[in-house]
Amino acid sequence: MKRILIIGAVGQIGSELTLRLREVYGAGNVVAGWRSTQPSRELAESGPLEKVDATDPERIVEVVKKYRIDTIFNLAALLSAVAEQKPQAAWNVGVNGVFNILEVARENGCAVFFPSSIGAFGPTTPLDNTPQDTIQRPGTMYGVTKVAGELLSDYYFKRFGVDTRGLRYPGIISNVTLPGGGTTDYAVEIYYAAIKEKKYTCPLKKGTFLDMMYMPDALDAAIQLMEADPARLIHRNAFNVTAMSFDPEIIYKAIKKCIPEMQLTYDVDPVKQGIAESWPNKMDDSAARQEWGWNPKWNLEAMTDDMLKVIGEKRKKGLI
Ligand code: AKB
């Protein structure tokens, strides 16, 4: 049975991944590491909780030793748009933090999961059917940290034998914890706006296609990759994974089928638009399919039904 530490357990992915890992590996075997945002009651009461910061390696070592951790999921990062406002902080968490965790893993025999992103690509990458192995020259600080994280993770595997594995996540759509500061956040916000106001103003232009994925598939992908037979892995850091690709008009039409009064207008944010245009329209994720059996379960229609149902229930309970 794995003994896991999640760094960044309170964020969009961490808050759901922690609970899922506790179901799979036993609550006592999954430590939720948090830094500044207060953990939810569910997270705090369902298993061990420790204050850990990716930029404080001594503290990471303490927690790793205390719980005899053998696997670290490093989810600490500043998302793409906020990283453009705070590039120094983004570097500190996204590069120094990754380096600290890899060093702790090397010294303590831990495996490491690293979430890279479509942000690891840039304007000179082929944007359609983006290959697994291709040009990676991102123009954002977020992208720079993700490419550095991929390279460092591969280096630690090849040089020291640390079992590092990673995914290039697309925009993740979820209904538990809001993202915050990402370029793909619009695809979450539009569902909340549909339930609350039946209208949404989109910061990206019509025709801006991006890869996306529903949270249950994102969680399955991380768990499946970390359980994959290492003998089958040709790649490590990081695998392209996608579940759907759409532009604002396509997601709007899917919502409008369920909420006919829904309205969409545009007020383009030049920073987010510039970032989105430098990211793939649709990645080729065949390496993940071949090497560890990646196969997403959720498409746009099924995700839209579920998102509107769950957010609608939250609204009825007065939670949003
Ligand atoms: C962002 O938009 O910054 C993230 C990502 C795609 O990595 N959601």
Side-chain angles (χ1 to χ4, degrees), residues 8 10-17 73-87 89-91 93-95 97-98 113-123 125 127 130 136 138-150 153 166-192 202-205 208-219 221-222 237-248 251 268-283 285 288 296 303 307:
V10 178
Q12 187 201 10
I13 300 179
S15 58
E16 294 195 52
L17 184 62
F73 283 72
N74 173 21
L75 305 178
L78 271 68
L79 293 183
S80 55
V82 81
E84 287 310 295
Q85 287 158 11
K86 303 179 190 172
W91 174 273
V93 177
V95 180
V98 170
F113 172 78
F114 172 65
S116 187
S117 158
I118 50 174
F121 297 117
T125 302
L127 299 185
T130 306
Q136 290 183 264
T140 62
M141 180 51 92
Y142 182 66
V144 169
T145 67
K146 290 304 182 190
V147 175
E150 290 188 9
S153 300
L167 298 171
R168 290 187 188 126
Y169 275 132
I172 306 292
I173 297 164
S174 65
N175 51 51
V176 174
T177 305
L178 290 172
T183 302
T184 59
D185 292 10
Y186 94 87
V188 178
E189 291 162 3
I190 194 170
Y191 287 109
Y192 281 86
C202 185
L204 297 186
K205 280 186 198 157
T208 309
F209 279 80
L210 290 166
D211 283 300
M212 300 279 177
M213 186 183 292
Y214 198 27
M215 184 63 91
D217 277 333
L219 305 183
N237 299 283
F239 285 93
N240 288 0
V241 280
T242 184
M244 55 192 102
S245 165
F246 54 74
D247 84 327
I251 187 172
V268 173
D269 173 331
V271 174
K272 288 188 177 179
Q273 185 62 36
I275 296 174
E277 283 174 14
S278 76
W279 288 357
N281 301 325
K282 176 140 190 32
M283 288 186 288
D285 61 5
M303 175 179 78
M307 283 291 283

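Note that the numbering runs from 1 along the sequence shown for the chain. Order of appearance sets the numbers: ligands from 1, and atoms from 1 within every ligand.
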Query raised in the report: Any donor-acceptor pair under 3.5 Å linking the side chain of Asp211 with the backbone of Met283?
Result: yes
Report summary line: Note: Asp185, heavy atoms under 4.0 Å from ligand 1, region reported as neither
Query raised in the report: What are the two closest heavy atoms between Gly122 and Leu127, and how far apart are they?
Result: O-CD2, 4.0 Å
Report task. Find all atoms of ligand 1 within a distance of less than 4.0 Å from any non-hydrogen atom belonging to Ser80, and give their numbers and elements. Result -> 1 (C), 2 (O), 3 (O)
Requested in this report: Any atoms of ligand 1 less than 4.0 Å from a non-hydrogen atom of Ser117? List them with their elements.
Outcome: 5 (C), 6 (C), 7 (O)
Query raised in the report: Of the options Thr208, Asp269, Leu204, which is the one that meets Tyr186 in a side chain to side chain contact (heavy atoms under 4.5 Å, CB included)?
Result: Leu204
Query - Listed partners of Ser116 passing side chain to side chain donor-acceptor pair (under 3.5 Å), at least two apart - result: Glu150
Report summary line: Thr183 heavy atoms within 4.0 Å reach ligand 1 at atoms 1 (C), 2 (O), 3 (O)
Report task. Kindly confirm or rule out an N or O of Tyr169 lying under 3.5 angstrom from an N or O of ligand 1. Result -> no
Query - Test item: side-chain donor near acceptor, Ser80 and Thr183, under 3.5 Å - result: yes
Report task. Run the numbers for me: atoms of ligand 1, each under 4.0 Å from some heavy atom of Ile118, listed by number. Result -> 6 (C)
Query raised in the report: Donor-acceptor pair, Asp185 side chain versus Gly181 backbone, under 3.5 Å?
Result: yes
Query raised in the report: To the nearest 0.1 Å, how far is atom 8 (N) of ligand 1 from its closest protein heavy atom, and which atom is that?
Result: Thr184 OG1, 2.9 Å
Requested in this report: Using a strict 4.0 Å cut-off to heavy atoms of Trp279, name the atoms of ligand 1 that fall inside it.
Outcome: 1 (C), 2 (O), 3 (O), 6 (C)
